[in-house]
Amino acid sequence: MKSVNQEAIEQEPQQLHEDLHDIWGNPKGLKSLTIVNHTTLGLRFMITGMVFFLIGGILAMLVRTQLAMPDQNFMSPEIYNQVTTMHGTVMMFLFAIPMLEGLAIYLIPKMIGARDLVCPRLTSLGYFCYLFGGIILTSSLIIEMAPSSGWFMYTPLSSKEFAPDLGSDFWLLGITFVEISALSAGVELVVSILRTRTQGMALHKMPLFAWYILAMALMIVVGFPPLILGSVLLELERAVGMPFFQIAGGGDPVLWQHLFWLFGHPEVYIIFLPAAGIISTLIPVFAGRPIVGYGWVVAAITIMGFISFGLWVHHMFTIGIPQLAQAFFSAASMLVAVPTAIQVFVWLATLWLGKPKMKLPMLWVMGFLVIFVCGGLTGVMLALVPFNWQVHDTHFVVAHMHYVLVGGMFFPLIAGLYYWLPLFSGRMPSENLGRWGFWLTFLGFNGTFLIMHWTGLLGMPRRIYTYEAGTGWEIFNLLSSVSSFVLSAGIAMVLLDIALHFRFGKPAQHNPWNADTLEWANTMPPSAYNFVSLPRVETRHPLWEDPNLPHTMAEGKHSLAVASHGRREMWGTDPISGSVREIIHLPGNSWWPLFAASALAVVCLSLLTRVYLLAGVFVIIAGIFLLRWSWENGAHPKAAPDAGVKPGDPPLHSRTMDGPGLWAMGIFLIANGSFFLSYLFGWFYLWTVSPEWRMPETPPLSLLLMGVAGVAVLVGSAVMEKLVRGLRQQRDAGLGAGFYLAAALGGLQVGLTGWALWQAELAPTQTSHDAVMLVGLVYALFHGGLAVILTVLQGLRVGYGYVGAHAPFEPGVVTLLWRYNVVTFGLLIAALAVLPRVLGG
């Protein structure tokens with residue numbers, strides 16, 4: 001590191017800036033589609049999210065117009081159902097989560113002193129998947145074939161029997177496509193926060209916003225796979241008739257509700273946590289003092305993340321859940337109020353002990369505190385089973401949900417946008433226009449949704465198309481609808497203010513709010529590489545401790561201020577202490593993410609139109625694109641044009657055994673494991689609960705074939721482990737042959753599993769037993785085949801000199817997949833082949 005600093009000092013800052021720009025700069029024109037830089041992609045996420053927000057808002061206005069008066073014929077019942085379904089879907093899946101992920105993608109590297117996210121091409125793939133999935137989903141509105149079964153798509157309402165058109169298919173395929181984006185962002189945010197913080201930034205010195213995003217990203221990784229599994233199963237049921245949710249075939253529609261709310265309830269906290277992170281960032285800045293109880297906030301975030309996964313059943317209190325389960329989930333639902341209250345009291349204490357400045361962002365923070373506390377109180381009411389029974393599926397629940405989500409997400413988001421606007425544009429927002437926007441939004445929101453509590457208590461059900469005169473709901477609905485237009489006017493004013501400020505806003509002085517975190521050490525707007533040099537940080541408030549830090553960073557007086565090697569690089573640091581471990585060199589701009597996402601979009605459209613052959617062809621094409629993309633990683637000359645480092649510098653990550661790719665694979669496998677455990681949950685749930693489930697008298701799966709296949713994958717994994725141990729000791733003799741041997745054993749596992757599947761003679765369209773078993777075996781075949789392909793590629797890369805004792809990193813990543821396959825295949829054998837023989841039907 002000493003040599004790097006010396007070179008930086010010797011180099012002129014302006015020349016250094018230009019050299020870094022040549023390496024990191026964004027191309028123009030058509031090539032801008034190849035950009036992988038987190039700043040650009042974060043902005044693209046947010047702008048796209050705002051477009052979908054406007055679509056969702058227009059749909060909301062249509063709903064309120066329809067309900068303004070009794071016996072209205074403004075929309076037909078069919079269109080109304082489509083509009084309400086798409087309003088919820090767009091707001092939850094296409095606006096809230098992508099918008100917050102976009103903000104995190106934009107801010108996190110800047111806050112933790114990094115130059116980019118750790119998997120920049122994954123960011124690009126995620127964005128295009130989000131864009132294409134959103135377009136596919138919203139295009140259903142134009143052709144009047146939008147989903148109409150509610151944004152939670154309960155079966156059998158969304159099944160073929162009651163929804164025979166393509167609406168449900170648009171939802172299932174579009175949402176699954178978008179979920180790829182969310183998972184991509186989740187994986188890379190976790191790895192980036194843990195492994196790329198600047199030197200010295202230990203976990204307990206990390207900005208609170210990063211803690212919130214870390215919790216959110218981990219919850220996405222664990223929480224989204226159950227919905228992906230449910231969507232796959234429901235689409236299989238609709239497309240080819242596998243009866244996962246049909247009672248007559250041995251399925252159960254309640255299984256869909258479990259899978260949906262296993263995702264759906266944590267999603268509320270996935271939305272809330274980043275928003276709370278904005279609040280925890282802004283309040284200390286405008287109060288002019290450090291936050292009170294940093295450790296308590298971190299503990300509250302952690303506890304909330306865990307508890308939120310134990311609450312999903314409180315959405316299902318009225319479907320016949322046993323009373324003991326109701327009592328447990330009722331208590332768990334109320335328990336989550338504790339970590340929430342800790343954060344609220346911390347915010348209030350920080351304001352009380354500081355000297356708050358009521359600037360425009362703080363106005364939105366105060367609005368959040370009022371609305372979110374009200375939403376939290378009605379949430380405690382709904383956690384009580386008797387009260388929940390009384391108001392279930394009424395407008396009271398709709399009002400509560402909007403108080404929590406809009407109060408808990410939208411108000412902090414606008415506060416954050418106003419706060420970081422000078423960073424985005426270098427200009428200040430208008431205080432006058434912004435205050436008008438706030439008050440219209442605040443009053444309009446409460447006028448719309450506070451009143452809906454009353455209509456709910458008066459018994460007005462949610463999702464109804466219209467209502468008769470004389471019910472007593474007329475005046476409340478009219479006031480709600482009028483207020484919703486006031487709310488829309490306020491939001492329009494805010495958006496106008498934000499749009500105009502890019503042209504007419506006053507130029508902002510550096511660090512205009514006197515903030516304490518590193519993103520304000522950047523130029524405004526930021527450069528593509530964020531920082532000329534990366535500092536050592538020993539405090540939670542680096543800019544308060546050293547106001548001159550932005551200048552010394554820009555002058556290249558800290559680390560990694562060198563560009564002569566032509567690499568995009570930043571620190572790889574210890575996840576706990578923040579000490580430097582290696583230099584991470586990142587891949588540059590690329591077409592492969594766009595190509596892969598485009599091929600997946602064709603797969604989605606082919607499945608939608610039932611052209612399965614074309615879908616199969618493009619699955620292969622997408623796989624080829626992804627493999628070609630992976631070929632340019634690691635020690636490939638395009639990834640590391642100059643592999644040398646100066647004496648005393650840490651090595652490049654591809655020359656170590658613990659690079660960020662290993663962590664990314666580990667986090668991806670956690671998500672994969674969540675998907676697999678959800679599958680096992682479905683298997684055992686149907687086995688033990690579904691009234692028409694029938695276990696065959698003779699188990700169809702050959703225990704012998706599955707057992708030998710299990711031995712093959714176990715031995716293959718052992719071979720991979722031995723090769724990796726050799727690489728750790730700098731031995732690579734026979735490395736290529738070892739990879740081919742392991743691939744052959746993996747091929748044997750795949751072949752035997754396929755043979756067992758063939759011999760089982762399953763009838764997956766007749767019984768849910770056979771359908772679930774088929775899905776499990778296909779899962780094993782896919783993962784076994786993937787391990788074989790990646791291992792063969794490792795053998796080829798040895799031949800090209802990209803893998804060996806000098807570059808030992810990649811085999812460790814593939815070995816993680818082998819370990820995962822051993823565990824999941826063993827569990828599959830136990831669940832599908834052994835337990836049925838032991839327990840019977």
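- When the side-chain contact (heavy atoms from CB on, under 4.5 Å) test is applied to Glu161, no partner is found at least two apart in sequence or on another chain.
- Here the two rings, on Trp151 and Phe260, have centers that are under 6.0 Å apart.
- Contact record, Ser76 with Tyr465: C-CE1, 3.8 Å, taken as the closest heavy-atom pair.
- Note on ring orientation: taking the six-membered ring where Trp is involved, the planes of Phe272 and Phe372 are parallel (angle under 30°, cut-offs 30° and 60°).
- In summary, the aromatic rings of Phe317 and His392 are positioned with their centroids too far apart to meet the 6.0 Å limit.
- Applying the side chain to side chain contact (heavy atoms under 4.5 Å, CB included) test between Thr89 and each of Ile175, Val178, Thr138 identifies Ile175 as the sole match.
- Ring centroids of Phe95 and Phe52 are separated by 6.0 Å or more, keeping the two rings apart.
- Taking the six-membered ring for Trp, Tyr130 and Phe93 have ring centres at least 6.0 Å apart.
- You'll find the ring centres of Trp347 and Phe368 inside the 6.0 Å limit.
- With ring centers used as reference points, Trp364 lies under 6.0 Å from Phe438.
- Here His453 pairs with Phe396, Tyr403 under the ring-ring contact (aromatic ring centres under 6.0 Å, His included) rule; sequence neighbours left out.
- For the pair Cys129 and Ile180, the tightest heavy-atom approach, listed with the atom from each and the gap, is SG-CG2, 4.0 Å.
- Every residue meeting the ring-ring contact (aromatic ring centres under 6.0 Å, His included) condition with Phe424, not counting sequence neighbours, appears here in chain and number order: Tyr106.
- Side-chain N or O atoms of Gln326 include one that pairs as donor or acceptor with a backbone N or O of Ile321 at under 3.5 Å.
- Taking the six-membered ring where tryptophan is involved, the planes of Trp261 and His315 are essentially parallel, since the angle between them stays under 30° and well short of 60°.
- In summary, of the residues considered (Ser148, Ser149, Ser231), a side chain to side chain contact (heavy atoms under 4.5 Å, CB included) with Ser168 occurs for Ser149 alone.
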